[in-house]
*Asks:* 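Take a look at this one; I'll ask things after.
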There are 10 protein chains.
Amino acid sequence: MEFLVRFETRLPTTLSTEEVGALKSAERERALELRQAGILKKLWRVPGRPATVGIWEAPDATVLHEALASLPQFPWMDVNVEALATHPQEV
Amino acid sequence: MEFLVRFETRLPTTLSTEEVGALKSAERERALELRQAGILKKLWRVPGRPATVGIWEAPDATVLHEALASLPQFPWMDVNVEALATHPQEV
Amino acid sequence: MEFLVRFETRLPTTLSTEEVGALKSAERERALELRQAGILKKLWRVPGRPATVGIWEAPDATVLHEALASLPQFPWMDVNVEALATHPQEV
Amino acid sequence: MEFLVRFETRLPTTLSTEEVGALKSAERERALELRQAGILKKLWRVPGRPATVGIWEAPDATVLHEALASLPQFPWMDVNVEALATHPQEV
Amino acid sequence: MEFLVRFETRLPTTLSTEEVGALKSAERERALELRQAGILKKLWRVPGRPATVGIWEAPDATVLHEALASLPQFPWMDVNVEALATHPQEV
Amino acid sequence: MEFLVRFETRLPTTLSTEEVGALKSAERERALELRQAGILKKLWRVPGRPATVGIWEAPDATVLHEALASLPQFPWMDVNVEALATHPQEV
Amino acid sequence: MEFLVRFETRLPTTLSTEEVGALKSAERERALELRQAGILKKLWRVPGRPATVGIWEAPDATVLHEALASLPQFPWMDVNVEALATHPQEV
Amino acid sequence: MEFLVRFETRLPTTLSTEEVGALKSAERERALELRQAGILKKLWRVPGRPATVGIWEAPDATVLHEALASLPQFPWMDVNVEALATHPQEV
Amino acid sequence: MEFLVRFETRLPTTLSTEEVGALKSAERERALELRQAGILKKLWRVPGRPATVGIWEAPDATVLHEALASLPQFPWMDVNVEALATHPQEV
Amino acid sequence: MEFLVRFETRLPTTLSTEEVGALKSAERERALELRQAGILKKLWRVPGRPATVGIWEAPDATVLHEALASLPQFPWMDVNVEALATHPQEV
């Protein structure tokens with residue numbers, strides 16, 4: 001089942017440049033794993049914002065939550081999830 | 001997977017009392033079938049409103065949509081669906 | 001450039017069953033043409049609502065508007081368009 | 001009487017890992033007591049958020065408030081309560 | 001248990017003056033009964049609007065819903081209910 | 001004239017337990033004075049929140065403001081005031 | 001006591017030009033009376049909308065409501081009232 | 001002084017095709033006059049909606065209102081006006 | 001041209017009592033100058049909030065902005081400006 | 001393609017006057033470059049707020065995002081982007 005997931009990430013300003021760099025690099029790595037696992041299917045950037053819109057696929061919302069919570073930046077992400085149904089024209 | 005489904009039903013005032021009665025009776029019958037199929041698990045009334053909050057279970061949002069769309073009053077229902085994940089304390 | 005397009009369609013209740021059928025069939029046909037033209041890339045149904053979320057691609061918002069306005073049900077669609085930027089991980 | 005209770009918990013970042021661990025463990029323990037007392041009936045996680053949706057039962061809103069306020073994380077919870085009426089189909 | 005109930009009533013313009021008069025008179029009569037039953041405790045008018053704010057008392061939201069639904073103008077009322085807890089200073 | 005006053009109080013986390021205790025005790029004392037003066041008529045707690053809903057009476061909004069501003073916790077209160085008119089059924 | 005009153009008026013399209021003319025003329029006349037009575041103090045038009053913002057003065061919200069309800073277009077006005085307190089700089 | 005003006009136009013479905021055509025043609029003509037008068041400076045279409053965003057210039061909001069109200073489709077336009085100040089970089 | 005200006009001021013809690021006193025006194029002084037210049041015409045307090053509603057007059061939004069920005073508390077003010085048109089009844 | 005871009009900038013209060021001055025001067029310089037590159041076409045100030053509304057032009061939302069992200073104050077800007085289509089009257 002697919003989900004439209006929107007999140008905005010605001011890292012605390014108390015992190016050092018190195019910490020931010022390490023976080024972002026770990027984030028990319030984990031995102032890549034989620035792509036290879038077929039959970040993260042597509043990501044767009046919301047222009048002008050530290051935010052993304054994405055299409056995610058998971059058997060249910062519990063697995064989706066675990067995938068999102070496994071992202072290193074998760075503690076600083078404000079996430080909104082919308083369940084999507086298959087459109088008849090897509091079948 | 002479970003969903004929190006909220007809907008509000010406002011039948012058109014052009015329906016006759018008989019039509020309304022028939023619709024409501026068909027609605028109850030279909031809801032009963034959905035309960036027996038394990039899709040509609042629990043329903044509450046929102047006090048003061050022609051609205052319900054309910055817990056629904058379906059393999060995915062597509063099956064949920066079909067269940068909701070099979071309700072005779074569906075054309076006059078304003079529906080909002082929220083995907084729910086299992087809480088760790090429930091396992 | 002890609003756009004996230006969300007629309008909800010509420011046909012007037014004064015249309016006959018035949019008119020609705022003809023409109024829906026014309027809608028599917030036009031949507032198919034827009035898919036073949038590469039403008040409509042993917043469509044999902046919002047569960048419980050007469051609404052879709054979709055990914056559309058067009059050189060700019062003017063061409064996108066023309067594509068949306070060419071849909072036979074356009075006069076009864078409430079449409080929201082969000083511009084999407086490419087995510088660095090997608091490159 | 002049942003209530004739909006939604007809350008989001010954001011612990012202050014100044015707490016140490018030990019303090020967070022102790023709080024979470026105390027929270028689970030108190031939640032368990034509220035379940036055994038029949039006040040907390042069911043909990044779901046909102047996917048992607050540090051938030052829950054739950055069904056709570058209490059004789060009135062005063063007892064419900066006391067139950068919620070007895071949770072160790074209450075000072076950092078943003079809580080919304082919605083009164084639910086019994087649906088005629090449930091009787 | 002007490003509830004803060006807010007409602008706005010907009011009767012359809014197709015009703016005749018007599019029908020409106022009869023409805024309003026029946027509304028007052030039923031409201032009086034609810035007052036005598038101790039369910040409707042206090043009512044205020046929202047200045048400038050066909051709306052009221054009131055304090056209602058009922059054992060639970062189900063009884064409250066039945067009281068509200070027994071008002072003759074209920075089909076044209078948009079009602080919002082908020083559960084109230086006793087304030088420690090009131091005890 | 002009566003007012004529906006809703007406020008939510010969030011004391012800063014930098015206050016010591018003693019300071020919070022002194023503030024709360026001063027708050028109760030001042031609230032009692034306002035009750036005796038007939039300005040604060042009735043208070044409810046919003047379940048799950050550090051918030052109250054209340055009925056206040058004052059000759060005008062200026063006197064009401066002064067009463068609210070005299071509360072020791074006023075600097076940390078987020079207050080909303082709604083003017084109420086007498087309902088014809090109350091006369 | 002002063003109030004900030006905002007209203008938007010949308011007359012039904014079923015009224016004839018004569019009826020609209022008569023209503024508008026009666027509205028102006030009643031507004032003039034309310035000005036002379038010192039209740040309506042100042043009116044502005046919201047640019048681009050069939051709406052006004054105004055300063056009204058009345059002993060309380062009940063008298064204000066009666067003044068607003070005495071306007072011939074009241075049944076088609078959507079009104080919002082905000083209580084104002086005297087600013088210390090104005091004294 | 002410049003204004004950002006946003007409006008959405010929904011003509012009633014009871015108008016005949018000829019009436020709609022005449023209205024749209026009169027609208028274009030009046031818009032052209034407002035451009036020539038320097039009041040309407042620039043117009044964009046909101047993609048997917050019967051709506052425009054525009055930059056208008058007028059000595060004040062009263063003259064702007066008169067310009068907007070002179071548009072033949074004004075009775076069916078929902079208009080929002082935002083006052084703009086000159087940006088220091090533009091001087 | 002007149003503007004309805006609403007602002008809410010929340011000074012940082014890090015300011016000393018002296019600094020707050022000096023700011024408030026400078027604010028009053030500057031407000032007085034703006035009154036004498038005919039820019040600030042009338043101010044009300046929003047009951048229960050550190051907020052004001054006011055009528056301001058300026059040739060355009062640029063001059064209004066400069067007047068608002070000249071207030072010593074401007075960095076801590078959240079300001080909303082609404083352009084007002086002259087009402088035909090005021091002419 | 002043109003975009004309506006609205007942003008509000010709130011620099012952290014921990015920056016020194018020199019840092020703020022340097023940031024603002026770098027911001028103006030970069031904005032000038034974006035104007036010369038034809039990306040930033042026009043900017044207005046929102047009266048009373050540390051905010052701007054502007055018309056930007058870019059081949060797509062990705063290029064627009066890069067331009068916005070190149071502004072030195074970008075980390076403290078809250079940005080909203082709206083895609084604009086060409087209006088038929090502008091052709």
Side-chain angles (χ1 to χ4, degrees), chain H residues 1-9 20-21 23-58 60-61 64 67-68 70-73 77 79-91, chain J residues 1-9 20-21 23-58 60-61 64 67-68 70-73 77 79-91:
Chain H
M1 164 182 175
E2 287 170 306
F3 298 89
L4 185 72
V5 178
R6 190 179 288 269
F7 56 77
E8 185 143 343
T9 309
V20 170
L23 257 176
K24 294 205 167 174
S25 149
E27 182 83 5
R28 268 191 300 273
E29 201 176 323
R30 181 66 189 130
L32 184 59
E33 289 169 11
L34 292 173
R35 280 174 193 266
Q36 284 164 345
I39 296 180
L40 168 49
K41 295 180 75 179
K42 179 85 179 159
L43 224 51
W44 294 269
R45 170 167 274 166
V46 180
R49 301 191 72 83
T52 70
V53 170
I55 302 296
W56 297 65
E57 183 158 25
D60 59 31
L64 174 71
L68 290 164
S70 75
L71 288 166
Q73 298 187 346
M77 283 163 46
V79 182
N80 284 286
V81 166
E82 183 180 358
L84 297 173
T86 303
H87 194 279
Q89 290 175 13
E90 296 287 339
V91 184
Chain J
M1 163 181 175
E2 287 170 305
F3 298 89
L4 185 73
V5 178
R6 191 179 288 269
F7 56 78
E8 185 142 343
T9 309
V20 169
L23 256 177
K24 293 206 168 174
S25 149
E27 182 82 6
R28 269 191 300 273
E29 201 176 324
R30 181 66 190 130
L32 184 59
E33 289 169 12
L34 291 172
R35 279 174 193 266
Q36 284 164 345
I39 297 180
L40 169 48
K41 295 180 74 179
K42 179 86 179 158
L43 225 51
W44 293 268
R45 172 167 272 166
V46 180
R49 303 192 70 84
T52 69
V53 169
I55 302 296
W56 297 64
E57 182 159 25
D60 59 32
L64 174 71
L68 290 164
S70 76
L71 289 166
Q73 298 186 346
M77 283 163 46
V79 183
N80 285 286
V81 166
E82 182 180 358
L84 297 174
T86 303
H87 194 280
Q89 290 175 14
E90 295 286 340
V91 185

*Asks:* If you count heavy-atom pairs within less than 4.5 Å of chain H, which of J:Ala83, J:Ala85, J:Gly54 leads?
*Replies:* J:Ala85
*Asks:* Is J:Thr52 in contact with chain H via its backbone, its side chain, both, or neither, using a 4.5 Å heavy-atom distance?
*Replies:*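 Side chain of J:Thr52 only, per the 4.5 Å heavy-atom cut-off to chain H.
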*Asks:* Quick one: do H:Arg35 and J:Glu90 make a salt bridge, cutoff under 4.0 Å?
*Replies:*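 Salt bridge present between H:Arg35 and J:Glu90.
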*Asks:* Given that the side chain runs from C-beta out, which part of J:Leu4 has a heavy atom under 4.5 Å from chain H: side chain, backbone, both or neither?
*Replies:*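 J:Leu4 touches chain H through side-chain heavy atoms alone.
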*Asks:* Please report the C-alpha distance between H:Thr9 and H:Glu27 in whole Å, then the side-chain angles of each, then the deciding distance to 0.1 Å, and finally whether the side-chain contact (heavy atoms from CB on, under 4.5 Å) criterion is met.
*Replies:* CA-CA 11 Å; H:Thr9 309; H:Glu27 182 83 5; 5.7 Å; no
*Asks:* Please name the pair of heavy atoms, one in H:Ser70 and one in H:Ala67, separated by the smallest distance, quoted to 0.1 Å.
*Replies:*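 For H:Ser70 and H:Ala67, the tightest heavy-atom pair comes out as OG-O, 2.6 Å.
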*Asks:* Tell me, with the steps shown, if H:Leu71 and H:Leu34 meet side-chain contact (heavy atoms from CB on, under 4.5 Å).
*Replies:* CA-CA 9 Å; H:Leu71 288 166; H:Leu34 292 173; 4.0 Å; yes
